[in-house]
Student: 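This is the structure I want to talk about, given as C-alpha coordinates.
These numbers come from a predicted model, not from an experiment.
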Amino acid sequence: MSFQIPRGTQDILPGETEKWQYIEQTARDLCRRYNYKEIRTPIFEHTELFLRSVGDTTDIVQKEMYTFEDRGGRSITLRPEGTASVVRSFVENKMYGDPNQPIKLYYVGPMFRYERPQAGRFRQFVQFGVEVLGSHDPAIDAEVIALAMEIYRSLGLQKLKLVINSLGDAESRKAHREALINHFKQRIGEFCEDCQARLEKNPLRILDCKKDRDHELMMTAPSILDYLNDESRRYFEKVQMYLTNLGIEFEVDSRLVRGLDYYHHTTFEIMSNAEGFGAITTLCGGGRYNRLVQEIGGPETPGIGFALSIERLLAALEAENISLPVGKGIDCYVAALGEKAKDESVIIVNQLRKAGIVADKDYQDRKVKAQLKAADRLQAKYVAILGDDELDRKVINVKDMNTGEQTEVPLHSLVEYLKERLR
RNA sequence: GCGGCUAUGGCGAAGUGGUUAACGCACCAGAUUGUGGCUCUGGCAUGCGUGGGUUCGAUUCCCACUAGUCGCCCCA
(Lines give C-alpha, C1' and ligand atoms only; values in the text may rest on other atoms or scores of the structure.)
Protein backbone atom coordinates (compact mmCIF):
# COMPACT_ATOMS: atom_id res chain seq x y z
CA MET A 1 0.00 0.00 0.00
CA SER A 2 1.41 3.34 -0.92
CA PHE A 3 0.02 6.80 -0.60
CA GLN A 4 0.08 9.81 -2.80
CA ILE A 5 -0.19 13.43 -1.88
CA PRO A 6 -3.68 14.83 -2.61
CA ARG A 7 -4.07 16.53 -5.94
CA GLY A 8 -3.01 20.14 -6.15
CA THR A 9 -1.04 20.05 -2.91
CA GLN A 10 2.69 19.89 -2.45
CA ASP A 11 5.34 18.89 0.03
CA ILE A 12 7.86 21.61 0.64
CA LEU A 13 11.12 19.89 1.38
CA PRO A 14 14.41 20.97 2.92
CA GLY A 15 16.18 23.07 0.33
CA GLU A 16 12.85 24.75 -0.47
CA THR A 17 11.70 25.50 3.05
CA GLU A 18 14.64 27.85 3.52
CA LYS A 19 13.31 30.01 0.69
CA TRP A 20 9.87 30.06 2.23
CA GLN A 21 11.29 31.08 5.56
CA TYR A 22 13.34 33.80 3.94
CA ILE A 23 10.34 35.22 2.08
CA GLU A 24 8.12 35.08 5.13
CA GLN A 25 10.79 36.72 7.24
CA THR A 26 11.25 39.48 4.69
CA ALA A 27 7.53 40.14 4.67
CA ARG A 28 7.31 40.08 8.46
CA ASP A 29 10.21 42.49 8.80
CA LEU A 30 8.58 44.90 6.38
CA CYS A 31 5.28 44.66 8.20
CA ARG A 32 7.08 45.50 11.39
CA ARG A 33 8.50 48.59 9.75
CA TYR A 34 5.12 49.62 8.41
CA ASN A 35 3.67 48.80 11.84
CA TYR A 36 1.33 46.01 10.80
CA LYS A 37 0.60 43.34 13.41
CA GLU A 38 0.12 39.66 12.75
CA ILE A 39 -3.26 38.04 13.17
CA ARG A 40 -3.88 34.29 13.17
CA THR A 41 -7.36 33.03 12.45
CA PRO A 42 -8.65 29.46 11.97
CA ILE A 43 -8.13 27.65 8.72
CA PHE A 44 -11.84 26.83 8.58
CA GLU A 45 -14.89 28.95 9.22
CA HIS A 46 -18.64 28.60 9.01
CA THR A 47 -19.57 28.35 5.35
CA GLU A 48 -22.01 31.20 5.73
CA LEU A 49 -19.17 33.64 6.37
CA PHE A 50 -17.75 33.15 2.90
CA LEU A 51 -21.14 33.18 1.23
CA ARG A 52 -21.74 36.55 2.81
CA SER A 53 -18.37 38.15 2.27
CA VAL A 54 -16.92 36.75 -0.92
CA GLY A 55 -20.27 36.90 -2.68
CA ASP A 56 -22.42 34.03 -3.85
CA THR A 57 -22.14 34.85 -7.54
CA THR A 58 -18.38 34.51 -7.53
CA ASP A 59 -16.50 31.52 -8.91
CA ILE A 60 -14.92 30.95 -5.54
CA VAL A 61 -18.25 30.34 -3.89
CA GLN A 62 -19.95 28.67 -6.80
CA LYS A 63 -17.39 26.01 -7.59
CA GLU A 64 -14.21 26.25 -5.59
CA MET A 65 -14.96 25.86 -1.92
CA TYR A 66 -13.93 22.91 0.22
CA THR A 67 -17.15 22.59 2.17
CA PHE A 68 -18.13 19.74 4.45
CA GLU A 69 -20.39 18.97 7.33
CA ASP A 70 -18.72 18.38 10.66
CA ARG A 71 -19.87 15.81 13.20
CA GLY A 72 -22.17 18.34 14.78
CA GLY A 73 -23.98 18.94 11.52
CA ARG A 74 -22.45 22.39 10.93
CA SER A 75 -21.45 23.45 7.44
CA ILE A 76 -17.75 24.20 7.53
CA THR A 77 -15.51 25.56 4.76
CA LEU A 78 -11.75 25.57 4.44
CA ARG A 79 -10.93 29.22 3.89
CA PRO A 80 -10.55 30.15 0.21
CA GLU A 81 -9.13 33.58 1.09
CA GLY A 82 -8.11 35.54 4.14
CA THR A 83 -10.12 38.74 4.25
CA ALA A 84 -13.39 37.21 5.43
CA SER A 85 -11.78 35.67 8.50
CA VAL A 86 -9.92 38.82 9.40
CA VAL A 87 -13.05 40.92 9.14
CA ARG A 88 -15.00 38.36 11.15
CA SER A 89 -12.35 38.47 13.83
CA PHE A 90 -12.26 42.26 13.75
CA VAL A 91 -15.98 42.36 14.44
CA GLU A 92 -16.10 39.46 16.89
CA ASN A 93 -13.25 40.85 18.97
CA LYS A 94 -14.63 44.37 18.77
CA MET A 95 -11.40 45.72 17.43
CA TYR A 96 -13.31 48.76 16.25
CA GLY A 97 -13.25 49.80 19.90
CA ASP A 98 -9.48 49.81 20.02
CA PRO A 99 -8.17 53.38 20.32
CA ASN A 100 -5.33 52.61 17.91
CA GLN A 101 -7.13 53.18 14.64
CA PRO A 102 -6.78 52.14 11.95
CA ILE A 103 -6.18 48.50 12.75
CA LYS A 104 -3.33 47.29 10.56
CA LEU A 105 -3.02 43.55 10.28
CA TYR A 106 -1.18 40.90 8.30
CA TYR A 107 -1.45 37.13 8.02
CA VAL A 108 0.33 34.23 6.38
CA GLY A 109 -1.17 30.82 5.87
CA PRO A 110 -2.69 28.22 3.62
CA MET A 111 -5.84 28.84 1.59
CA PHE A 112 -7.91 26.20 -0.18
CA ARG A 113 -9.70 26.24 -3.49
CA TYR A 114 -11.02 23.25 -5.37
CA GLU A 115 -9.60 23.98 -8.79
CA ARG A 116 -7.85 22.08 -11.51
CA PRO A 117 -4.16 22.51 -10.79
CA GLN A 118 -1.79 23.97 -13.35
CA ALA A 119 1.18 26.29 -13.41
CA GLY A 120 0.94 28.58 -10.38
CA ARG A 121 -2.39 27.19 -9.27
CA PHE A 122 -2.92 24.80 -6.42
CA ARG A 123 -5.68 23.47 -4.24
CA GLN A 124 -3.74 24.43 -1.18
CA PHE A 125 -1.56 27.49 -1.49
CA VAL A 126 -0.08 30.01 0.89
CA GLN A 127 -1.14 33.60 0.95
CA PHE A 128 0.51 36.47 2.65
CA GLY A 129 -1.99 39.25 3.12
CA VAL A 130 -2.62 42.57 4.73
CA GLU A 131 -5.81 44.26 5.90
CA VAL A 132 -6.32 47.78 7.20
CA LEU A 133 -9.60 48.49 8.92
CA GLY A 134 -10.99 51.79 10.00
CA SER A 135 -9.53 54.32 7.61
CA HIS A 136 -10.93 55.84 4.46
CA ASP A 137 -7.87 57.97 3.83
CA PRO A 138 -6.59 57.47 0.26
CA ALA A 139 -3.10 57.65 1.75
CA ILE A 140 -3.67 54.28 3.39
CA ASP A 141 -4.54 52.82 -0.02
CA ALA A 142 -1.18 54.04 -1.22
CA GLU A 143 0.56 52.67 1.85
CA VAL A 144 -0.94 49.22 1.36
CA ILE A 145 0.09 49.18 -2.30
CA ALA A 146 3.54 50.45 -1.40
CA LEU A 147 3.97 47.67 1.14
CA ALA A 148 3.07 45.04 -1.42
CA MET A 149 5.50 46.48 -3.93
CA GLU A 150 8.17 46.75 -1.27
CA ILE A 151 7.94 43.04 -0.47
CA TYR A 152 8.63 42.15 -4.08
CA ARG A 153 11.31 44.76 -4.51
CA SER A 154 13.22 43.76 -1.43
CA LEU A 155 13.35 40.19 -2.70
CA GLY A 156 14.90 41.47 -5.89
CA LEU A 157 12.04 41.32 -8.36
CA GLN A 158 12.27 43.89 -11.14
CA LYS A 159 9.82 42.91 -13.82
CA LEU A 160 6.65 44.01 -12.15
CA LYS A 161 3.61 45.85 -13.34
CA LEU A 162 1.22 47.56 -10.99
CA VAL A 163 -2.26 48.09 -12.37
CA ILE A 164 -4.88 50.07 -10.51
CA ASN A 165 -8.49 50.93 -11.05
CA SER A 166 -11.42 52.36 -9.17
CA LEU A 167 -14.83 50.80 -8.99
CA GLY A 168 -16.16 53.84 -7.22
CA ASP A 169 -18.64 53.94 -4.40
CA ALA A 170 -22.05 52.25 -4.40
CA GLU A 171 -23.68 55.10 -6.31
CA SER A 172 -21.02 55.14 -9.03
CA ARG A 173 -21.08 51.39 -9.35
CA LYS A 174 -24.82 51.40 -9.77
CA ALA A 175 -24.76 54.07 -12.47
CA HIS A 176 -22.04 52.26 -14.34
CA ARG A 177 -23.84 48.95 -14.06
CA GLU A 178 -26.93 50.40 -15.71
CA ALA A 179 -24.86 51.95 -18.44
CA LEU A 180 -23.20 48.62 -19.14
CA ILE A 181 -26.45 46.74 -19.34
CA ASN A 182 -27.83 49.30 -21.77
CA HIS A 183 -24.68 49.16 -23.83
CA PHE A 184 -24.63 45.40 -24.28
CA LYS A 185 -28.27 44.43 -24.04
CA GLN A 186 -29.23 44.92 -27.72
CA ARG A 187 -26.48 42.77 -29.11
CA ILE A 188 -25.71 40.43 -26.26
CA GLY A 189 -26.45 37.52 -28.59
CA GLU A 190 -23.12 38.18 -30.30
CA PHE A 191 -21.24 37.40 -27.12
CA CYS A 192 -20.16 34.16 -25.54
CA GLU A 193 -22.45 32.18 -23.26
CA ASP A 194 -20.66 33.30 -20.15
CA CYS A 195 -21.11 36.92 -21.07
CA GLN A 196 -24.81 36.43 -21.74
CA ALA A 197 -25.18 35.03 -18.26
CA ARG A 198 -23.15 37.89 -16.83
CA LEU A 199 -25.33 40.62 -18.32
CA GLU A 200 -27.85 40.64 -15.50
CA LYS A 201 -25.85 39.07 -12.71
CA ASN A 202 -22.60 40.95 -12.98
CA PRO A 203 -22.19 43.02 -16.15
CA LEU A 204 -18.84 44.33 -14.92
CA ARG A 205 -17.35 40.94 -15.56
CA ILE A 206 -18.14 41.11 -19.27
CA LEU A 207 -15.29 43.57 -19.54
CA ASP A 208 -13.01 40.90 -18.20
CA CYS A 209 -13.93 38.38 -20.88
CA LYS A 210 -10.97 37.02 -22.83
CA LYS A 211 -12.97 35.56 -25.70
CA ASP A 212 -14.90 38.64 -26.71
CA ARG A 213 -12.04 40.97 -26.00
CA ASP A 214 -11.97 42.28 -29.56
CA HIS A 215 -15.69 42.77 -30.07
CA GLU A 216 -16.43 46.34 -31.14
CA LEU A 217 -18.83 46.84 -28.26
CA MET A 218 -15.96 46.08 -25.91
CA MET A 219 -13.97 48.93 -27.32
CA THR A 220 -16.82 51.35 -26.89
CA ALA A 221 -18.10 50.03 -23.56
CA PRO A 222 -18.69 52.65 -20.91
CA SER A 223 -15.69 52.97 -18.63
CA ILE A 224 -16.25 52.96 -14.90
CA LEU A 225 -13.96 55.94 -14.71
CA ASP A 226 -16.53 58.04 -16.55
CA TYR A 227 -19.20 57.10 -14.05
CA LEU A 228 -17.34 57.92 -10.89
CA ASN A 229 -19.13 60.60 -8.94
CA ASP A 230 -17.11 63.59 -7.73
CA GLU A 231 -16.24 62.07 -4.42
CA SER A 232 -15.10 58.78 -5.96
CA ARG A 233 -13.07 60.56 -8.60
CA ARG A 234 -11.34 62.75 -6.07
CA TYR A 235 -10.55 59.72 -3.98
CA PHE A 236 -8.99 57.90 -6.92
CA GLU A 237 -6.98 60.95 -7.93
CA LYS A 238 -5.60 61.23 -4.43
CA VAL A 239 -4.50 57.60 -4.42
CA GLN A 240 -2.70 58.18 -7.70
CA MET A 241 -1.08 61.33 -6.40
CA TYR A 242 0.26 59.55 -3.33
CA LEU A 243 1.60 56.69 -5.39
CA THR A 244 3.37 59.13 -7.66
CA ASN A 245 4.82 60.94 -4.69
CA LEU A 246 6.10 57.66 -3.36
CA GLY A 247 7.83 56.99 -6.65
CA ILE A 248 5.66 53.99 -7.49
CA GLU A 249 4.90 53.51 -11.15
CA PHE A 250 1.48 52.29 -12.10
CA GLU A 251 -0.95 51.93 -14.93
CA VAL A 252 -4.65 52.68 -14.76
CA ASP A 253 -6.73 49.96 -16.37
CA SER A 254 -10.45 50.64 -16.25
CA ARG A 255 -11.04 47.01 -17.20
CA LEU A 256 -9.38 45.65 -14.10
CA VAL A 257 -12.18 43.78 -12.42
CA ARG A 258 -11.44 41.78 -9.34
CA GLY A 259 -13.06 38.46 -8.68
CA LEU A 260 -14.64 39.25 -5.36
CA ASP A 261 -17.89 41.11 -4.97
CA TYR A 262 -16.94 43.17 -1.99
CA TYR A 263 -14.68 45.70 -3.64
CA HIS A 264 -15.33 49.44 -3.88
CA HIS A 265 -13.08 52.28 -4.93
CA THR A 266 -9.47 51.23 -5.30
CA THR A 267 -8.61 47.86 -6.77
CA PHE A 268 -5.15 46.79 -7.84
CA GLU A 269 -3.12 43.93 -9.14
CA ILE A 270 0.60 43.33 -9.32
CA MET A 271 1.77 41.22 -12.21
CA SER A 272 5.01 39.77 -13.37
CA ASN A 273 6.02 40.47 -16.94
CA ALA A 274 9.10 38.30 -16.79
CA GLU A 275 9.80 36.19 -19.85
CA GLY A 276 8.43 32.69 -19.70
CA PHE A 277 6.26 33.28 -16.71
CA GLY A 278 3.45 31.47 -18.49
CA ALA A 279 -0.24 32.07 -18.37
CA ILE A 280 -0.34 33.11 -14.76
CA THR A 281 0.63 36.70 -14.37
CA THR A 282 -1.10 37.86 -11.24
CA LEU A 283 1.16 37.85 -8.23
CA CYS A 284 -0.94 39.94 -5.94
CA GLY A 285 -4.46 41.25 -5.86
CA GLY A 286 -6.24 43.60 -3.57
CA GLY A 287 -8.61 46.44 -3.09
CA ARG A 288 -10.86 48.45 -0.88
CA TYR A 289 -14.00 47.09 0.70
CA ASN A 290 -16.10 49.65 2.47
CA ARG A 291 -19.22 47.65 3.11
CA LEU A 292 -17.83 44.30 4.14
CA VAL A 293 -17.60 44.95 7.87
CA GLN A 294 -21.27 45.92 8.01
CA GLU A 295 -22.12 42.91 5.93
CA ILE A 296 -20.51 40.72 8.57
CA GLY A 297 -22.44 42.44 11.32
CA GLY A 298 -20.06 45.12 12.51
CA PRO A 299 -20.29 48.90 12.53
CA GLU A 300 -19.77 50.74 9.27
CA THR A 301 -16.00 50.48 8.83
CA PRO A 302 -13.91 50.95 5.71
CA GLY A 303 -11.21 48.44 4.86
CA ILE A 304 -8.50 47.74 2.33
CA GLY A 305 -6.13 44.87 1.82
CA PHE A 306 -4.27 42.61 -0.53
CA ALA A 307 -3.19 39.00 -0.76
CA LEU A 308 -0.23 37.52 -2.52
CA SER A 309 0.70 33.92 -3.12
CA ILE A 310 4.09 32.69 -2.00
CA GLU A 311 4.02 29.98 -4.67
CA ARG A 312 3.69 32.57 -7.41
CA LEU A 313 6.26 34.77 -5.78
CA LEU A 314 8.71 31.87 -5.95
CA ALA A 315 7.75 31.29 -9.58
CA ALA A 316 8.40 34.94 -10.36
CA LEU A 317 11.80 34.78 -8.66
CA GLU A 318 12.65 31.79 -10.77
CA ALA A 319 11.45 33.51 -13.93
CA GLU A 320 13.79 36.39 -13.17
CA ASN A 321 16.58 34.03 -12.22
CA ILE A 322 16.90 35.36 -8.71
CA SER A 323 18.32 33.13 -6.03
CA LEU A 324 17.63 34.05 -2.44
CA PRO A 325 20.54 34.38 -0.03
CA VAL A 326 19.71 31.36 2.06
CA GLY A 327 22.50 29.89 4.15
CA LYS A 328 23.26 26.28 3.39
CA GLY A 329 26.51 24.99 4.82
CA ILE A 330 27.45 24.14 8.37
CA ASP A 331 30.32 25.58 10.41
CA CYS A 332 31.99 22.48 11.69
CA TYR A 333 31.75 18.74 11.18
CA VAL A 334 33.28 16.57 13.84
CA ALA A 335 34.88 13.45 12.41
CA ALA A 336 35.80 10.74 14.85
CA LEU A 337 37.65 7.48 14.48
CA GLY A 338 37.73 4.89 17.12
CA GLU A 339 35.33 3.98 19.84
CA LYS A 340 36.51 6.42 22.48
CA ALA A 341 36.84 9.29 20.04
CA LYS A 342 33.30 8.68 18.82
CA ASP A 343 31.97 8.86 22.34
CA GLU A 344 33.90 12.06 22.90
CA SER A 345 32.64 13.59 19.65
CA VAL A 346 29.10 13.54 21.00
CA ILE A 347 30.22 15.85 23.78
CA ILE A 348 32.29 18.05 21.49
CA VAL A 349 29.47 18.63 19.02
CA ASN A 350 27.25 19.60 21.91
CA GLN A 351 29.80 22.12 23.17
CA LEU A 352 30.10 23.68 19.73
CA ARG A 353 26.35 24.01 19.44
CA LYS A 354 26.10 25.62 22.85
CA ALA A 355 28.61 28.17 21.65
CA GLY A 356 26.39 29.01 18.70
CA ILE A 357 28.39 27.10 16.11
CA VAL A 358 26.43 25.12 13.53
CA ALA A 359 27.84 21.66 14.07
CA ASP A 360 27.16 18.08 13.08
CA LYS A 361 28.81 14.69 13.20
CA ASP A 362 28.63 11.19 11.73
CA TYR A 363 25.88 8.82 12.80
CA GLN A 364 26.34 6.24 10.05
CA ASP A 365 29.47 4.61 11.40
CA ARG A 366 31.39 5.82 8.39
CA LYS A 367 35.12 5.59 7.90
CA VAL A 368 37.25 8.74 8.06
CA LYS A 369 37.30 9.11 4.32
CA ALA A 370 33.54 8.89 4.10
CA GLN A 371 33.16 11.29 7.02
CA LEU A 372 35.25 13.87 5.19
CA LYS A 373 33.16 13.31 2.13
CA ALA A 374 30.00 13.80 4.15
CA ALA A 375 31.45 17.00 5.60
CA ASP A 376 32.21 18.21 2.11
CA ARG A 377 28.68 17.48 1.03
CA LEU A 378 27.34 19.41 3.98
CA GLN A 379 29.55 22.31 2.90
CA ALA A 380 31.27 22.35 6.26
CA LYS A 381 33.71 25.21 6.69
CA TYR A 382 35.79 23.20 9.13
CA VAL A 383 36.19 19.57 10.05
CA ALA A 384 37.47 18.70 13.51
CA ILE A 385 39.15 15.32 13.36
CA LEU A 386 39.54 13.32 16.49
CA GLY A 387 41.30 9.94 16.81
CA ASP A 388 42.20 7.99 19.87
CA ASP A 389 45.79 9.24 19.83
CA GLU A 390 44.66 12.88 19.70
CA LEU A 391 42.28 12.12 22.48
CA ASP A 392 45.13 10.78 24.61
CA ARG A 393 47.05 13.99 23.98
CA LYS A 394 43.91 16.13 24.55
CA VAL A 395 44.14 17.81 21.14
CA ILE A 396 42.07 17.80 17.97
CA ASN A 397 42.95 18.41 14.33
CA VAL A 398 41.01 21.19 12.70
CA LYS A 399 40.95 21.18 8.95
CA ASP A 400 39.99 24.26 6.96
CA MET A 401 37.97 22.79 4.09
CA ASN A 402 38.65 25.74 1.83
CA THR A 403 42.43 25.73 2.03
CA GLY A 404 42.94 22.15 3.12
CA GLU A 405 45.22 23.36 5.90
CA GLN A 406 45.17 21.45 9.11
CA THR A 407 45.97 22.73 12.59
CA GLU A 408 46.32 20.87 15.83
CA VAL A 409 44.35 22.61 18.56
CA PRO A 410 44.09 21.80 22.27
CA LEU A 411 40.70 20.25 22.91
CA HIS A 412 39.78 22.81 25.54
CA SER A 413 40.28 25.70 23.16
CA LEU A 414 38.45 24.25 20.14
CA VAL A 415 35.40 26.44 20.68
CA GLU A 416 37.52 29.58 20.94
CA TYR A 417 39.55 28.61 17.90
CA LEU A 418 36.50 28.11 15.75
CA LYS A 419 34.63 31.15 17.00
CA GLU A 420 37.65 33.28 16.21
CA ARG A 421 37.75 32.03 12.64
CA LEU A 422 34.03 31.93 11.95
CA ARG A 423 33.41 35.56 12.70
C1' G B 1 -15.76 21.80 -15.16
C1' C B 2 -13.47 21.23 -20.54
C1' G B 3 -9.27 20.05 -24.06
C1' G B 4 -3.86 18.63 -25.56
C1' C B 5 0.60 16.08 -23.95
C1' U B 6 3.11 12.85 -20.52
C1' A B 7 4.10 8.67 -16.67
C1' U B 8 10.81 3.71 -17.19
C1' G B 9 15.99 3.11 -10.73
C1' G B 10 17.09 8.67 -5.83
C1' C B 11 17.33 12.25 -10.41
C1' G B 12 17.76 12.81 -15.90
C1' A B 13 17.03 9.76 -19.97
C1' A B 14 17.21 5.56 -24.22
C1' G B 15 14.58 1.34 -25.63
C1' U B 16 11.97 -3.36 -27.64
C1' G B 17 5.42 -7.55 -28.88
C1' G B 18 9.50 -12.50 -26.82
C1' U B 19 14.56 -15.38 -23.01
C1' U B 20 20.38 -10.35 -19.32
C1' A B 21 15.69 -3.12 -19.50
C1' A B 22 21.19 1.14 -22.64
C1' C B 23 23.61 5.39 -20.84
C1' G B 24 24.60 9.84 -17.70
C1' C B 25 24.32 12.00 -12.71
C1' A B 26 23.89 10.77 -7.68
C1' C B 27 24.96 7.03 -4.11
C1' C B 28 28.01 2.81 -1.89
C1' A B 29 32.70 0.02 -1.80
C1' G B 30 37.83 -0.53 -3.19
C1' A B 31 42.58 1.48 -5.30
C1' U B 32 44.49 5.04 -0.60
C1' U B 33 43.16 -0.08 6.53
C1' G B 34 43.52 8.44 9.88
C1' U B 35 41.64 12.74 5.69
C1' G B 36 36.94 15.62 1.10
C1' G B 37 36.51 18.02 -3.84
C1' C B 38 40.28 14.89 -9.27
C1' U B 39 41.19 9.87 -11.45
C1' C B 40 40.51 4.57 -12.05
C1' U B 41 37.81 -0.20 -10.85
C1' G B 42 33.46 -2.52 -9.22
C1' G B 43 28.32 -2.38 -7.22
C1' C B 44 23.38 -0.33 -7.71
C1' A B 45 15.44 -1.45 -11.56
C1' U B 46 12.88 -9.71 -10.14
C1' G B 47 11.04 -3.90 -12.62
C1' C B 48 8.99 0.08 -16.76
C1' G B 49 2.27 5.03 -12.53
C1' U B 50 -2.37 1.65 -10.94
C1' G B 51 -6.12 -1.77 -12.61
C1' G B 52 -8.19 -4.37 -16.54
C1' G B 53 -8.12 -6.21 -21.77
C1' U B 54 -5.81 -8.13 -26.61
C1' U B 55 -1.91 -11.95 -27.28
C1' C B 56 1.27 -18.23 -26.84
C1' G B 57 3.87 -13.93 -24.63
C1' A B 58 3.30 -6.69 -22.98
C1' U B 59 7.33 -2.28 -20.08
C1' U B 60 6.11 -2.00 -25.46
C1' C B 61 -0.86 -2.38 -28.43
C1' C B 62 -6.08 -0.97 -26.41
C1' C B 63 -9.36 0.91 -22.35
C1' A B 64 -10.20 2.96 -17.62
C1' C B 65 -8.28 5.22 -13.40
C1' U B 66 -4.65 8.11 -10.81
C1' A B 67 -1.07 11.83 -11.06
C1' G B 68 1.89 15.52 -13.45
C1' U B 69 2.10 19.23 -17.16
C1' C B 70 0.28 22.93 -20.65
C1' G B 71 -3.98 25.68 -22.19
C1' C B 72 -9.44 27.40 -21.48
C1' C B 73 -12.54 29.35 -17.43
C1' C B 74 -11.15 31.93 -13.25
C1' C B 75 -7.72 33.46 -9.89
C1' A B 76 -3.20 34.10 -5.62
Student: With rounding to whole Å, what would you report as the distance between G30(B) and G17(B) at their P atoms?
Tutor: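 Straight-line distance between the two P atoms is 43 Å.
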Student: Write down the distance between CG (Leu386(A)) and P (U35(B)), rounded to a whole number of angstrom.
Tutor: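 Taking atom P of U35(B) as the reference, CG of Leu386(A) is at 16 Å.
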Student: What's the closest nucleotide to the Arg116(A) side chain, out of U35(B), C73(B), U69(B)?
Tutor: U69(B)
Student: Between Arg121(A) (CZ) and G1(B) (P), how many Å, whole number?
Tutor: 12 Å
Student: Has the side chain of Lys369(A) got a donor or acceptor atom sitting under 3.5 Å from an opposite partner on the base of U35(B)?
Tutor: no
Student: Tell me if a side-chain donor or acceptor on Glu18(A) pairs with a main-chain N or O of Gln21(A) at a distance below 3.5 Å.
Tutor: no
Student: Can a donor-acceptor pair under 3.5 Å be found between the side-chain atoms of Glu269(A) and the base atoms of A76(B)?
Tutor: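 Answer no: no donor N or O sits under 3.5 Å from an acceptor.
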Student: Return the nearest nucleotide to the side chain of Ile385(A); candidates are U35(B), A76(B), A29(B).
Tutor: U35(B)
Student: For Glu115(A) and G1(B), give me the distance from atom CD to atom C1', rounded to whole Å.
Tutor: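 So the two atoms are 11 Å apart, to the nearest Å.
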Student: Within the side chain of Glu390(A), is there an N or O that forms a donor-acceptor pair under 3.5 Å with the backbone of Gly387(A)?
Tutor: yes
Student: How would you label the glycosidic angle of G47(B): syn (within 90° of 0) or anti?
Tutor: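 For G47(B), whose glycosidic angle is within 90° of 0, the conformation is syn.
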Student: Which nucleotide sits closest to the side chain of Gln127(A): G68(B), C74(B), A76(B)?
Tutor: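 Ranking G68(B), C74(B), A76(B) by closest atom to the Gln127(A) side chain puts A76(B) first.
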Student: May I have the distance from Arg366(A) (atom CZ) to A29(B) (atom C1'), rounded to whole angstrom?
Tutor: 13 Å
Student: At under 4.0 Å between heavy atoms, what does Gly8(A) touch on the DNA or RNA strands: base, sugar-phosphate, or nothing?
Tutor: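 If one applies the 4.0 Å heavy-atom cut-off, Gly8(A) turns out to touch the sugar-phosphate alone, with no base involved.
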Student: Please determine whether any donor N or O and acceptor N or O are separated by less than 3.5 Å between the side chain of Gln371(A) and the base of U35(B).
Tutor: no
Student: As a test of reading the structure: which of C74(B), A29(B), G36(B) is closest to the side chain of Lys367(A), going by heavy atoms?
Tutor: A29(B)
Student: Check if the side chain of Lys399(A) and the base of G36(B) share a donor-acceptor pair of N or O atoms closer than 3.5 Å.
Tutor: yes
Student: Which residue is it: Ile140(A), Leu133(A), Val130(A)? I am looking for the one with a side-chain contact (heavy atoms from CB on, under 4.5 Å) to Lys104(A).
Tutor: Ile140(A)
Student: With pairs defined as Watson-Crick or G-U wobble and both distances under 3.5 angstrom, please note down RNA chain B as a dot-bracket string, | for pairing with another strand.
Tutor: (((((((..(((.....[....))).(((((.......))))).....(((((..]....))))))))))))....
